[in-house]
Amino acid sequence: MRQHGHRGVTLRRCRAGLAALAIGALTLGACGEAETVEKMVMASEAPPAAATAAPQAVVIGEVQVEKVVTQEVVKEVEFAREVSVEKVVTQEVIREAVVEKLVTAAPAAGSSGALPEGARAAPTALVAERHIIRTGTLSMVVNDLPDAVTQIREVVARIPGAFIASSNVQRDDPDRTSTMTVRIPSESFDPALTALRGIGAEVVDEDISSQDVTEQYTDLAARLRNAKVTEQRLLDILGRAKDVEETLEVEAEVAKVRERVELMQGQLNVLTNQTTLATLVMQLHTVADLILERDPVRNFQMHGQTLLGLTVYNQGTVDLAEVEVVDRLDPDMIFVNATEGYAFDDDSNTVSWTIDRLGPGQSVSLRTEVRLEGDGRAMQARAEVSTTSPERDPGNNSADTELRFHVDLAVAKDGGTVVTSGDEISYSVDFRNLGNADARNVRLEERLPEGMAFVRASGAGRHDATRNTIVWEYPRLGPGFGDRVSYVARVDTDSGHPRVDTTISSDETDRVEVDNMTNTFLTVLPEPEEEMEPTPEPTPEPEPWDPGAAARESADRLGRFGQWVSDTVVTVGIIGGPIVAVLGVIGGAAYAIRRRLTRT
């Protein structure tokens, strides 16, 4: 009951203040519920034509204050009896603010309240200025990173209120990106952006955005003002508190309101900072390095097809636009096919590709398939790459390749090495072009020594009697091609070690001449002489039988057997005696141990 009495005292005190705010209460009743100060003022800025009929009336949303006064006086009394202290104070503050703004917005006495025809209402203090948050990202390529950073700092220094919030400048490396964050006063943002944009060699990307937070800012500011007024009124009530219980109750309400004030003040500070200073993040890219490399060409040969490979690299942190690759082929390189997207110009024997965008760190592999048809001279192909974007080092934008050709003839021979004078001997000769070019006018020769006569040869082999040489001739021997020939010769010399030379040659210089010749050495055996039949030896006559000699022979054999038996016994005795002795000792010891154990 005491608590209820104290609350009644508080409510009675609040009613006195509420009476002074009757006009605000009537206005709130007409609107249905308490609105913010800004919404009510907006509603009062354009009074309808009907409002001019009552000179002393203030119209809000076509509802006159005079019309609703009588309806709200009674409601105000009931309202004060039922709501808490916090709600009463809050409503009181709102009503005072509404009354103040209504009086300010009301037309002067004797005025109809209507604007002259063609005239526009002048903005009042209640119409807030626009609050806009401006942010942007500017990515650009710079020719020299340290110089660009210096220029940016100079531009910022010339703008009042602008400053560099953060800076992360990397070394002048195409693989790394530097960033700088600049805060610029909103009114200087556009001219500053123009000046900063001119520092770069190329603007890669520009993204500027604006966010209108006027409504949010205005609402937050109004709520903050109301909260501060509420806090002050609660402090006034706290000063008039009569006992501890009432003091604690009001202090709790003050703490809640103060917490809201601090929160809204922080939010308002953030919005103020964002709208006052625009934020621009600058991304500085060093000029990318476009690199072209030629893949090594291996295992190529004349009249065969091979691949000419290219690889294009973007060594940088920014896209390269319209990259064009051109591969100029040797006239002896016959175009067959290429990587998808190619264009071939038959007149210049050139293959080209166009890459719209080559991303940072990206590489593209290109291939051209050609057939090699030439006379053996070296073939050359030159590739070049270009781009419409700024480029770091044009020195690595081309790549050459040279295909060199050679002839490498080799010969080997199989055959016997021993022959009898007057007999025939045969040989097989293998030859091949191990090079990658044609060998023209190939000549294989088998020079027979004195004492050997040509009999026959396989294939197109012919015998040159003047030099006693077997010759095979071929107009052209392609790379990797060869053959096997054979011949038969008769050895007429009586004996000795004749040497047979085999050689191969062509019009081209042979890369390795050591395998262009082979030698065979023969061993000639003389013809065997005619052999005579051997004379048979006479058969010896048998000797007559002698009984005494037989007896002596038997005795001798018996004596030798006895001697063997005697030697065997002695040997066994020498070896077996110690063994038997040891076994006897072991047996005696075992017997003694057994008797002792038995007695025990």
Under 4.5 Å between any side-chain heavy atoms of T181 and I164, yes or no?
no
Is the side chain of S428 donor-acceptor paired with the backbone N or O of S486 at a distance under 3.5 Å, no angle test?
no
Say whether, by atom type as modelled, one donor and one acceptor occur between the side chain of S495 and the main chain of P526 under 3.5 angstrom.
no
Exam field: side chain T503 to backbone M517, donor-acceptor pair closer than 3.5 Å:
no
Going through the distances and angles, do Q274 and V213 end up as a side-chain contact (heavy atoms from CB on, under 4.5 Å)?
CA-CA 10 Å; Q274 292 176 341; V213 294; over 6 Å; no
Salt-bridge test for R476 and D438: reply yes if a basic N is under 4.0 Å from a carboxylate O, no otherwise.
yes
Atom CH2 in W472, atom CD1 in I504: separation rounded to 0.5 Å?
11.0 Å
When you check the gap from the basic side-chain N to the acidic O, do D212 and R130 get nearer than 4.0 Å?
yes
Whether D319 side chain and V204 backbone form a donor-acceptor pair below 3.5 Å:
no
Within the 4.5 Å heavy-atom criterion, are L372 and F405 side-chain neighbours or not?
yes
Any donor-acceptor pair under 3.5 Å linking the side chain of N349 with the backbone of M333?
yes
Between A321 and T387, which heavy-atom pair has the shortest distance, and what is it?
O-OG1, 2.6 Å
Less than 4.5 Å apart, any side-chain heavy atom of Y474 and any of D483?
yes
Evaluate the criterion side-chain contact (heavy atoms from CB on, under 4.5 Å) for residue pair V419 and L525; output intermediate values, then yes/no.
CA-CA 6 Å; V419 64; L525 302 177; over 6 Å; no
Which atoms form the tightest heavy-atom contact between H285 and S139, and what is the distance?
NE2-CB, 4.1 Å
Nearest heavy-atom neighbours spanning V407 and A437:
CG2-O, 4.0 Å
Under a 4.0 Å threshold between the charged nitrogen and the carboxylate oxygen, would R377 count as salt-bridged to D330?
yes
Using a 4.5 Å cut-off on heavy atoms from C-beta on, say whether the side chain of S186 contacts that of I132.
no
Mark yes or no for whether D219, through its side chain, and E215, through its backbone, hold a donor-acceptor pair below 3.5 Å.
no
Test side-chain hydrogen bond (donor to acceptor under 3.5 Å, both in side chains) applied to R367 and D295, D327, T339, N337, the passing residue
D295
Minimum heavy-atom separation for G161 to L277, with atom names?
O-CD2, 4.0 Å
For D346 and F335, run side-chain contact (heavy atoms from CB on, under 4.5 Å): C-alpha distance rounded to whole Å, both residues' side-chain angles, the deciding distance at 0.1 Å, then the answer.
CA-CA 9 Å; D346 187 56; F335 175 77; over 6 Å; no
Just how far is it from atom CG of L193 to atom CD1 of I208, taken to the nearest 0.5 Å?
5.0 Å
Does a salt bridge link R432 with D515, judged by any charged N lying under 4.0 Å from a carboxylate O?
no
Does T518 reach the main-chain N or O of A412 with its side chain, forming a donor-acceptor pair under 3.5 Å?
no
Under a 4.0 Å N-O cut-off, is there an ion pair linking R490 with D492?
yes
Side-chain touch F431/T502, heavy atoms, less than 4.5 angstrom:
no
Do M140 and L284 come within less than 4.5 Å of each other through their side chains, counting heavy atoms only?
yes
Answer yes when R462 and D464 have at least one side-chain N-carboxylate O distance shorter than 4.0 Å, and no when they do not.
no
Heavy atoms of S506 and V442 approach each other most closely as CB-CG2, 4.1 Å
Does any part of the side chain of D414, heavy atoms only, come nearer than 4.5 Å to the side chain of R484, both counted from C-beta?
yes
For V429 and L444 the tightest heavy-atom approach is CG1-CD2, 4.0 Å
Side chains of V155 and Q151: closer than 4.5 Å at any heavy-atom pair?
no
Has the side chain of E391 got a donor or acceptor atom that lies under 3.5 Å from a matching backbone atom of S386?
no
Can you tell me if S421 uses its side chain to pair, donor with acceptor, with the backbone of T493 under 3.5 Å?
yes
Does the D510 side chain pair with the main chain of V514, one donor and one acceptor, at a distance under 3.5 Å?
no
Indicate the ring-plane relationship of F454 and H463, choosing parallel, tilted or perpendicular according to the 30° and 60° boundaries.
parallel
How far does CZ of R392 sit from CG of N143, to the nearest 0.5 angstrom?
10.5 Å
Derivation of the side chain to side chain donor-acceptor pair (under 3.5 Å) call for Y487 and E446
CA-CA 9 Å; Y487 71 93; E446 185 79 359; 2.5 Å; yes
Say you draw a straight line from OG1 of T137 to CG of D207; how long is it, rounded to the nearest 0.5 Å?
5.5 Å
With a 3.5 Å cut-off and no angle check, do the side chains of T214 and H131 form a donor-acceptor pair?
no
